[in-house]
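Data first, discussion second: the structure below is written as structure tokens.
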Protein chains: 2
Amino acid sequence: MRHPEPMSDQQPSQDAPEGLEPAKTGVSSRRIADYLRTAILNGELAPGTRLRQEEIAERLGSSRIPVREALRMVEADGLVVVKSYSGARVAKLDFNEFDTAYRIRERIDPLALTLSLEGITDEDVARLEALETEVEETTSPDRFVALDREFHLATYAGCTDKQLLETVTRFWNTTQHYRRAYAQLIDDRGRSIITYEHRLLIDAIHRRDPIDAERFLSGHIRRTRITLAEHPELFD
Amino acid sequence: MRHPEPMSDQQPSQDAPEGLEPAKTGVSSRRIADYLRTAILNGELAPGTRLRQEEIAERLGSSRIPVREALRMVEADGLVVVKSYSGARVAKLDFNEFDTAYRIRERIDPLALTLSLEGITDEDVARLEALETEVEETTSPDRFVALDREFHLATYAGCTDKQLLETVTRFWNTTQHYRRAYAQLIDDRGRSIITYEHRLLIDAIHRRDPIDAERFLSGHIRRTRITLAEHPELFD
DNA sequence: GCGGTTGCGATTGTGTCCAATCGCCAGTAG
DNA sequence: CTACTGGCGATTGGACACAATCGCAACCGC
């Protein structure tokens with residue numbers, strides 16, 4: 001597994017020596033959907049931004065037909081809202097939706113983790129430790145958010161079920177905006193708490209202990225939900 | 001809530017006096033997607049069936065463009081698999097995917113139920129009892145599957161979160177095929193067990209007891225998973 | 001007889017053009 | 001001044017035509 005790489009089933013990128021990042025060949029609609037997902041996730045396209053078909057088409061050098069299909073796909077991911085004859089906008093969860101999304105994550109992320117434990121390798125665990133070190137050392141909020149995401153997705157490296165990974169990723173994605181916003185105002189105390197939670201999680205994974213792993217993960221998600229809820233200014 | 005009515009956000013059907021069944025006006029791609037979902041869910045389109053764009057377009061009186069968008073949407077629902085330049089087929093879960101889908105349901109359906117309890121009305125509970133009576137009385141396997149689905153979705157009537165309902169419905173939908181197949185060979189003993197489980201579930205809902213409601217629901221889903229797994233011939 | 005190859009038909013992917021709808025602003029009446 | 005209404009520009013939805021790709025079968029050589 002590599003960098004951000006949105007989600008959804010990206011093409012195996014066929015015979016290209018090694019896949020660059022987003023499948024650059026193959027069918028444009030998937031490529032365009034990947035482009036939109038990436039742009040939304042890293043904040044280039046803020047919630048509420050209007051997405052004009054022609055503008056996207058021109059930027060990616062295609063016609064509007066693949067763009068429309070891509071918008072349907074990203075809409076199904078919950079990242080975009082499309083309204084008939086009116087246009088597409090980058091989606092934004094309100095507070096209640098955010099709260100429920102996190103409660104969903106509290107239930108399914110631990111399942112993905114338990115299933116992952118059955119297939120996870122020592123190399124995967126070593127990578128987790130390396131990633132966590134990076135998470136702890138970075139000082140850039142945006143980089144912190146990206147690394148944190150990469151760390152958690154890496155804990156699921158041993159999970160082979162695509163539906164589950166897609167679902168987990170989906171709710172990770174739709175809540176990304178709030179994590180990024182919160183990362184801007186987190187203090188050292190908050191960072192320390194995350195460090196402890198992550199380290200305990202890694203230890204449970206290292207011991208292949210699904211009970212502790214689920215406990216620490218659901219606790220981590222729940223505490224994050226509660227912490228974010230203490231900042232109502234994020235949900236204007 | 002009415003009959004099958006696939007899932008996903010159907011249009012409010014605008015100014016049409018009352019929505020017939022699937023939004024017949026508005027944008028064709030949604031209408032076509034609804035048509036495909038319905039046809040797949042009630043078994044008219046069996047898993048593995050090839051879906052030719054032109055054929056669907058002709059049947060629904062449109063061109064291939066809305067059909068293509070509809071296929072992308074239904075693909076995102078997990079009901080169809082699209083392959084570049086090769087075509088779309090009705091999806092079929094293998095055994096492992098089925099097993100994981102049910103384990104996901106064991107975790108998130110109870111959440112939907114707990115949230116539903118906060119908003120459910122006495123009329124909703126009365127409707128549950130009426131539906132359950134129908135479930136118990138029907139002798140047609142296909143009608144049993146449809147009513148069972150309607151019953152369970154009705155237990156979520158008090159849940160207002162769209163993401164959660166869509167996710168719950170998604171995994172209900174992708175596993176529908178196996179429930180229908182199993183319904184053909186269930187015996188009286190199996191039917192009785194389901195009756196007891198449903199009645200206990202209704203009682204917990206009636207008492208607005210989230211602990212018992214979650215317990216009975218997750219137990220019901222788990223037992224169903226185990227029972228279906230005892231019929232490997234369904235997963236050829 | 002069999003494996004590989006090549007060409008053709010069928011089907012999907014995409015660009016272009018036109019129709020349908022929406023939002024907004026000017027204009028008008030009260 | 002405000003609320004309504006009509007029309008215009010911008011944008012999306014859809015049909016058609018053409019290009020790209022795939023699957024399959026016939027053919028060829030061994």
Side-chain angles (χ1 to χ4, degrees), chain A residues 8-16 19 22-36 39-40 45 48-76 79-91, chain B residues 8-16 19 22-36 39-40 45 48-76 79-91:
Chain A
S8 213
D9 36 0
Q10 78 283 12
Q11 297 266 98
S13 74
Q14 320 247 125
D15 51 343
K24 112 170 4 175
T25 119
V27 183
S28 335
S29 49
R30 298 208 194 267
R31 190 181 123 62
I32 297 172
D34 277 346
Y35 164 81
L36 289 173
I40 292 171
L45 293 175
T49 305
R50 172 103 185 256
L51 299 174
R52 260 171 289 261
Q53 297 175 0
E54 195 126 24
E55 184 180 328
I56 301 169
E58 187 183 9
R59 178 170 329 199
L60 301 225
S62 76
S63 82
R64 280 170 44 221
I65 279 92
V67 173
R68 291 179 46 173
E69 289 179 29
L71 285 173
R72 294 295 186 195
M73 293 189 269
V74 183
E75 178 188 30
L79 293 176
V80 151
V81 175
V82 178
K83 206 177 141 200
S84 284
Y85 289 105
S86 176
R89 289 179 177 278
V90 178
Chain B
S8 212
D9 36 0
Q10 77 283 10
Q11 296 267 99
S13 75
Q14 319 248 123
D15 51 342
K24 109 170 4 176
T25 118
V27 184
S28 350
S29 50
R30 299 209 193 265
R31 191 179 122 64
I32 297 173
D34 277 346
Y35 165 82
L36 289 173
I40 292 171
L45 293 174
T49 305
R50 173 104 183 255
L51 299 175
R52 261 171 290 262
Q53 297 173 1
E54 194 125 27
E55 184 180 327
I56 300 169
E58 188 182 8
R59 179 168 330 199
L60 302 218
S62 76
S63 82
R64 281 169 44 224
I65 279 90
V67 172
R68 290 174 56 84
E69 289 179 28
L71 285 173
R72 293 296 188 195
M73 293 188 268
V74 183
E75 178 189 30
L79 293 176
V80 150
V81 177
V82 178
K83 206 178 141 198
S84 284
Y85 289 105
S86 177
R89 289 180 178 278
V90 178

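Reminder, nothing fancy here: chain letters follow the sequence lines and each chain counts from 1.
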Strictly distance-based, threshold 3.5 Å: is any side-chain N or O of B:R89 a donor or acceptor partner for the main-chain N or O of B:G48?
yes
Lys/Arg-Asp/Glu bridge criterion (N-O < 4.0 Å) met for B:R72, B:E75
yes
Note, B:V74 side chain near B:I40 side chain (heavy atom, < 4.5 Å):
yes
Determine all donor-acceptor pairs shorter than 3.5 Å in which one atom belongs to a side chain in residues 56-63 of chain A; sequence neighbours excluded.
unit_1 : atom_1 : unit_2 : atom_2 : d
A:R59  : NH2    : A:E55  : OE2    : 3.2
A:S63  : OG     : A:I65  : N      : 3.3

Consider side-chain hydrogen bond (donor to acceptor under 3.5 Å, both in side chains). Of B:Q53, B:E54, B:E69, which one does B:R64 pass it with?
B:Q53
Reckon B:S86 has a side-chain N or O less than 4.0 Å from the OP1 or OP2 of C:dT12?
no
Rounded to whole Å, how long is the line connecting atom CZ of A:R72 with atom C1' of D:dG14?
12 Å
Atom-pair distance (CZ on B:R64; C1' on D:dA17), nearest Å
10 Å
Looking only at N and O atoms, is any donor in the side chain of A:R68 or the base of D:dG14 less than 3.5 Å from an acceptor on the other one?
yes
Using a 4.5 Å cut-off on heavy atoms from C-beta on, say whether the side chain of B:L79 contacts that of B:L36.
no
Would you please confirm or rule out a distance under 4.0 Å between OP1 or OP2 of C:dG23 and any side-chain N or O of A:K83?
yes
DNA chain D contacts made by residues 49-63 of chain A, counting heavy atoms under 4.0 Å
A:R50, A:L51, A:R52, A:Q53
Whole-Å gap separating P (D:dG23) and OH (B:Y85)
13 Å
Figure out the CD1/P separation between B:I65 and C:dA19, and round it to whole Å.
16 Å
